[in-house]
Amino acid sequence: MQNEDVKPNFEFVALMAALMSIVALALDAILPAISHIGIAINSLDPIKNQLLITMIFLGLGLGQLFFGPLSDSYGRKPIVYIGFVLFIVASIICIFAPSLEIMIVGRVLQGIALSAPRTMAISIIRDTYKGDYMARVMSFVTAFFILIPVVAPAIGKWIMDDYGWQAIFYVQLIFALVVAIWFWKRQVETLKREYKIPFSINVFSTGIREFFKYKETVAFTFISGFVTGAFLVYLSGSQHVFEDQYGLVEEFPYIFAGLAISIGLSTFLNGTLVLRFGMRKLSFMALLAFCSIALVYVIVFWGKPNPSVPVLVAFLACQFFCLGFLWGNFRSIAMEPIGHIAGIGAAINGFISTVLSVPIAQYIGGFVDNTVWPLFLGLAICGLISVLIFVILGEKPLLARRVLR
């Protein structure tokens, strides 16, 4: 039932975005509460508290590796239900965690749980669409998905101010329950019976061998990992940068929302432009811009203190505008050759890119203590590595020359 020229149903796009948005809500809603959570669990080091953000990504990577193959055997819908049940357990652990270590366990488990709806949304889209049209649908889904990061920090702060930081987790549970019921009532199973693969331990080894047959899939999986790692440095350290380095405690949720809007705008534009220019050309040009902006900041502010807030926000907004042309297209390019193993393929793609991003974020984030300059250096390095992989290992090595003509 893969379509290349059928307009996607609005409810389908919204539902897939909702499945993915639970991840964003679990990540972004607690950003204004990190310091308060740290006090409650006796963890006062802001660098260590960044683990509350990065460790959920570790869970996302691990969970995908198991849920993807299981979905190829038992269907997409049962796996989503398992994820929601596990998310309830993980959230309860976070609410009653007495220490940073226990809270990290809960966050990792949340990531594992949320990898199910996140991965299944991608697999369902791949089951239903292909080619540049799949990239178009993915862009619209991501545009909807971006609405959550726009409002989540502000909502998280309002909830925390009135009811305490634990209430943020209760709101996440209510949102997850609403999405689960919506998914149960309205989404059909997209994996047809004849395409189900009997589950065995060989599913992993066979899927991995098949995945690594496709050079383009491997290349863009690693590119996604480097770009996600660079962004994760900002995501995990944004509260520390704006609240501690700049003293913008009240303004932080709104700055975060404004930067998220820049990603949403470019993601929406990508959805309208990708059919005209192609996902490879758009993503390559955006990647070059992503590197250039970071390098300009690194050169201009080398050895200097943090710039003013408007200057920093302007640079970050330009960087994030580029991201809207990268994430959906990179994932679509990687998934295009492996539609016959969409479940395990999405799992391996997500596992490699996500797990690669965590150590990158942890390492670079350790330097973002008194200045934001290391963040842009990390963005520049990750971007340059991605450009090299794009040009050297991509299936179309002459792409760069064609684009730059």
Side-chain angles (χ1 to χ4, degrees), residues 2-5 7-8 13 16-17 20 122 125-126 129-146 214-231 259-296 316-339 346 349 353 379-380 382-405:
Q2 294 173 336
N3 302 309
E4 291 185 271
D5 55 359
K7 185 177 181 179
V13 172
M16 293 304 103
M20 300 179 68
I122 295 168
I125 294 170
R126 183 62 187 86
Y129 298 96
K130 64 180 181 178
D132 284 335
Y133 214 83
M134 179 180 63
R136 177 182 172 87
V137 174
M138 194 78 76
S139 293
F140 287 140
V141 167
T142 306
F144 272 92
F145 162 78
I146 291 297
Y214 299 92
K215 181 175 62 175
E216 192 174 41
T217 294
V218 175
F220 283 93
T221 296
F222 277 90
I223 290 173
S224 295
F226 282 108
V227 172
T228 302
F231 176 73
L259 292 172
I261 288 174
S262 69
I263 301 177
L265 176 61
S266 59
T267 302
F268 182 80
L269 288 174
N270 184 72
T272 62
L273 296 175
V274 69
L275 292 180
R276 181 176 179 182
F277 297 104
M279 52 189 170
R280 289 172 178 80
K281 182 174 183 179
L282 275 178
S283 60
F284 185 75
M285 295 302 294
L287 188 58
L288 290 178
F290 182 86
C291 292
S292 301
I293 295 165
L295 285 172
V296 168
L316 288 173
C318 292
Q319 292 269 207
F320 295 165
F321 185 80
C322 298
L323 288 176
F325 295 98
L326 300 180
W327 279 328
N329 288 335
F330 286 163
R331 177 60 66 92
S332 297
I333 295 171
M335 289 295 294
E336 174 64 13
I338 55 173
N349 173 273
S353 61
L379 292 172
C382 291
L384 288 171
I385 293 173
S386 298
V387 169
L388 290 175
I389 296 174
F390 200 126
V391 173
I392 297 172
L393 297 180
E395 191 172 282
K396 301 181 179 181
L398 296 180
L399 173 65
R401 267 181 276 171
R402 291 203 300 272
V403 170
L404 294 173
R405 282 176 182 172

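- With contacts defined as side-chain heavy-atom distances shorter than 4.5 Å, the pair F321/I293 does not qualify.
- Nearest heavy-atom pair across L379 and A294 is CB-CB, 3.9 Å.
- Between F220 and F390, the ring-plane angle classifies as perpendicular under the 30° and 60° cut-offs.
- I261 is not listed as a side-chain neighbour of F320, based on a closest heavy-atom distance of 4.5 Å or more.
- To the nearest 0.5 Å, atoms OG (S332) and CD1 (I122) are separated by 9.0 Å.
- By the side-chain contact (heavy atoms from CB on, under 4.5 Å) test, C291 is found to be paired with L384, V387, residues two or more places apart in sequence or in another chain being considered.
- Between A286 and L326, the shortest heavy-atom distance links the atoms CB-CD2, 3.8 Å.
- Here the closest non-hydrogen pair linking V141 and I125 is CG2-CD1, 3.9 Å.
- Between S224 and R331 the shortest heavy-atom distance is OG-N, 4.4 Å.
- In this structure, I333 and S283 approach most closely via the heavy-atom pair CD1-OG, 4.0 Å.
- S353 places no side-chain N or O within 3.5 Å of a backbone atom of G225 that could act as its donor or acceptor partner.
- The heavy-atom pair separating S266 from G324 by the smallest distance is OG-CA, 3.1 Å.
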Stepwise side-chain contact (heavy atoms from CB on, under 4.5 Å) check, F231 with I263: CA-CA 12 Å; F231 176 73; I263 301 177; 4.1 Å; yes
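- Residues passing the ring pair (Phe, Tyr, Trp, His ring centres under 6.0 Å) test with F290: none are found, sequence neighbours excluded.
- In terms of the side-chain contact (heavy atoms from CB on, under 4.5 Å) criterion, residue partners of I385 (sequence neighbours excluded) are, by chain and number, F226, I381, I389.
- The line from CG of N270 to CG of N329 is 4.0 Å long, rounded to the nearest 0.5 Å.
- A salt bridge links R280 and E216; the closest N-O separation between the charged side-chain nitrogens and carboxylate oxygens is under 4.0 Å.
- In this structure, CG in L316 is found 5.5 Å from CG in L259, a value given to the nearest 0.5 Å.
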